[in-house]
**Q** 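Before I ask anything, let me first share the structure, which is written out below as structure tokens.
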Amino acid sequence: MTTYTNPVLNADWSDPDVVRVGDDFYLTASSFGRAPGLPLLHSRDLVGWRLVGHALQHLEPAAEFGTPRHDCGVWAPSIRHHDDRFWIFWGDPDQGLFQVNAPEIRGPWTRPHLVKAGKGLIDPSPLWDEETGEAYLVHAWAKSRSGVKNRLTGHRMHPDGTGLLDEGKVIVDGDRIPGWFTLEGPKLYRHDGWFWILAPAGGVETGWQGVFRSRGFFGPYEERIVLEQMDTDVNGPHQGGWVRTPSGEDWFLHFQQRGAYGRVVHLQPMRWDPDGWPVLGDDGAPVAEHERPDLPPQPAAAPATDDDFPGGRFGRQWSWTANPQDGWATQHSGDGLRLTCVRSPDVDDLRRLPNVLTQRLPGTPSAVEVELRLHSEEPGARAGLAVLGDAFRWIGLQRGTDGTVHLVHRFAEAGAERERDAAPARLAPEGRVRLRIEIGPGARCRFSYDAGDGPRPSGPVFAATPWRWVGALLGLFALAPVGTGHAGAATFTHFGINSL
């Protein structure tokens, strides 16, 4: 194919940033409170991407992320390559600015290092200036923690990336630019004798992409809007990273907020006008289809979704909703994910549980299927397949007090403290079932099951909902009420997502 179609990553790869090393492109994204975090994607054509790992295995401090904090944690990372190492900087709005680094993209990655402590410090972007040997860092502010927003603060940074060399200075104040608000997500570059900051404003759903330039790092900066919705259906196109191919082409990867689907990733062509300013997309409007980058043809690629769980291991596409504990998933000699029925006082609210194994909701109409067998003999033990967000719904199996196994289908609205039935329970005498969710336009989900006597629909349609910053997630879980002793397990096999 000679063209590509946006989005190139049609799922919640929030706040993307990209870097090229040789012939390879690498992308990372926000992972918020999930573990592992800081996903690492690889491409050679900027269109097809594969997930190759994560840079952050556990969130720190570990005790604070032992329970879900869905909208907290890892916000808006920047990825760079300097001094033969990969570097990723990110902001935790409750702690400060962190970095990890590694000699290779697959690691080993260092433990998180706190570069600057403080509430509301977000979206850091480093720059090592090859012309002067100086290092710099720019970051934004979260008003919810600091009372400050709509401004960018710049620092001189120690060349080894371990700390900052000054108290910082506001180098761009969005309040002084008519019509600008919620300036954030800066990415810092050096090009053609200028310092460049690519930064979005206007909010995730309705905003635009801005660019700033100055001859000196601390300013003054002049600004332009270089990408906005115009008459397209791509709302709020902004926040991402600029990358140059070996042949000298420039491209910009950014997100679009799509409700329950989260922030999907678009690829925009980028050129320079006669005055030296970048022009993104089709003269500032997002492109839906475009000629592919001038790069060697590659086989079609996309992040993995399907999983047979060989040896009880799950693929890179899965993350827990908090830092994991030993024993949640058991390795064994066959195929299938064997999840322990973890005892919890929160069995009636999946949003509070750390032991939900999740992956991103697909951005196109799809059918999700998985086979489930409940081994646990514990009354009240349950396991299932969920669509998880500020509201959630799940379908699965539960052991009754009389020892029988029932097919159950439950949900909770946003703000509800506990789940309730979405459909009447029915016996599942074999203790096994094939579960299915058809996700249609608008993330409207229809649940069904096959307990051995053919497919049957279950309950009314459910419209998936995001959290504040995170798209809806697909989840697998196994639970048991509070008690003593081991509560048994459940096994999931043949997880797959197919386009509809």
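Scope of the values below: all heavy atoms of this structure, side chains included, with no hydrogens, waters or symmetry mates.
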**Q** State plainly whether the residues R213 and D192 are in salt-bridge range, i.e. N to O under 4.0 Å.
**A** no
**Q** Can you check whether F495 and W318 have ring centres sitting under 6.0 Å from each other?
**A** yes
**Q** Would you call N10 and R258 a side-chain contact if the rule is heavy atoms closer than 4.5 Å?
**A** yes
**Q** Could you tell me whether R44 and D23 make a salt bridge, using a distance below 4.0 angstrom between a side-chain N and a carboxylate O?
**A** no
**Q** Run N150 and W180 through side-chain hydrogen bond (donor to acceptor under 3.5 Å, both in side chains) and show every step you take.
**A** CA-CA 8 Å; N150 204 32; W180 284 57; over 6 Å; no
**Q** Looking only at side chains, do W251 and T245 share a donor and an acceptor under 3.5 Å apart?
**A** no
**Q** Report the residue from W277, F212, Y189, Y221 that forms a ring pair (Phe, Tyr, Trp, His ring centres under 6.0 Å) with W196.
**A** W277
**Q** Should Q57 and P36 count as side-chain neighbours, where that means a heavy-atom distance under 4.5 Å?
**A** yes
**Q** With a cut-off of 6.0 Å (strictly less than), are more than 12 heavy atoms of other residues, nucleotides or ligands near CZ of R151?
**A** yes
**Q** Centroid separation under 6.0 Å, is that true for the rings of H238 and H254?
**A** no
**Q** Checking side-chain hydrogen bond (donor to acceptor under 3.5 Å, both in side chains) against N235, which of Q229, E205, Q256 comes through?
**A** Q256
**Q** CZ/F255 to CG/L9 distance, rounded to the nearest 0.5 angstrom?
**A** 14.0 Å
**Q** Is R263 positioned over the aromatic face of W13, cation under 6.0 angstrom from the ring centre and no more than 45 degrees off axis?
**A** no
**Q** If we ignore hydrogens and angles and just use 3.5 Å, is the side chain of R292 paired with the main-chain N or O of Y4 as donor and acceptor?
**A** no
**Q** Should the heavy atoms of other residues, nucleotides or ligands under 6.0 Å from CZ of R444 be counted, would the total exceed 12?
**A** no
**Q** Can you tell if the side chain of V172 reaches within under 4.5 Å of the side chain of I177, non-hydrogen atoms only?
**A** yes
**Q** Within the side chain of Q298, is there an N or O that forms a donor-acceptor pair under 3.5 Å with the backbone of P296?
**A** yes
**Q** I want to check a possible cation-pi pair here: R190 against F195, using under 6.0 Å from ring centre and within 45° of the ring axis as the test.
**A** yes
**Q** Other residues, nucleotides and ligands only: do more than 12 of their heavy atoms fall within 6.0 Å of CZ on R224?
**A** yes
**Q** Between D283 and R271, is the closest basic N to carboxylate O distance under 4.0 Å?
**A** yes
**Q** Could you check if a side-chain atom of L267 sits within less than 4.5 angstrom of a side-chain atom of V47, using non-hydrogen atoms only?
**A** yes
**Q** Could you walk me through whether D390 and R468 pass salt bridge (charged side-chain N to carboxylate O under 4.0 Å, His left out), step by step?
**A** CA-CA 8 Å; D390 201 30; R468 187 175 185 187; over 6 Å; no
**Q** Donor-acceptor pair, T28 side chain versus P39 backbone, under 3.5 Å?
**A** yes
**Q** Cut-off 3.5 Å, side chains only: do S43 and D45 have a donor facing an acceptor?
**A** yes
**Q** Are there more than 12 heavy atoms of other residues, nucleotides or ligands under 6.0 Å from atom CD of E222?
**A** yes
**Q** Holding to side chain to side chain donor-acceptor pair (under 3.5 Å), I want the full list of residues that pass it with Q95, two or more places apart in sequence or in another chain.
**A** D92
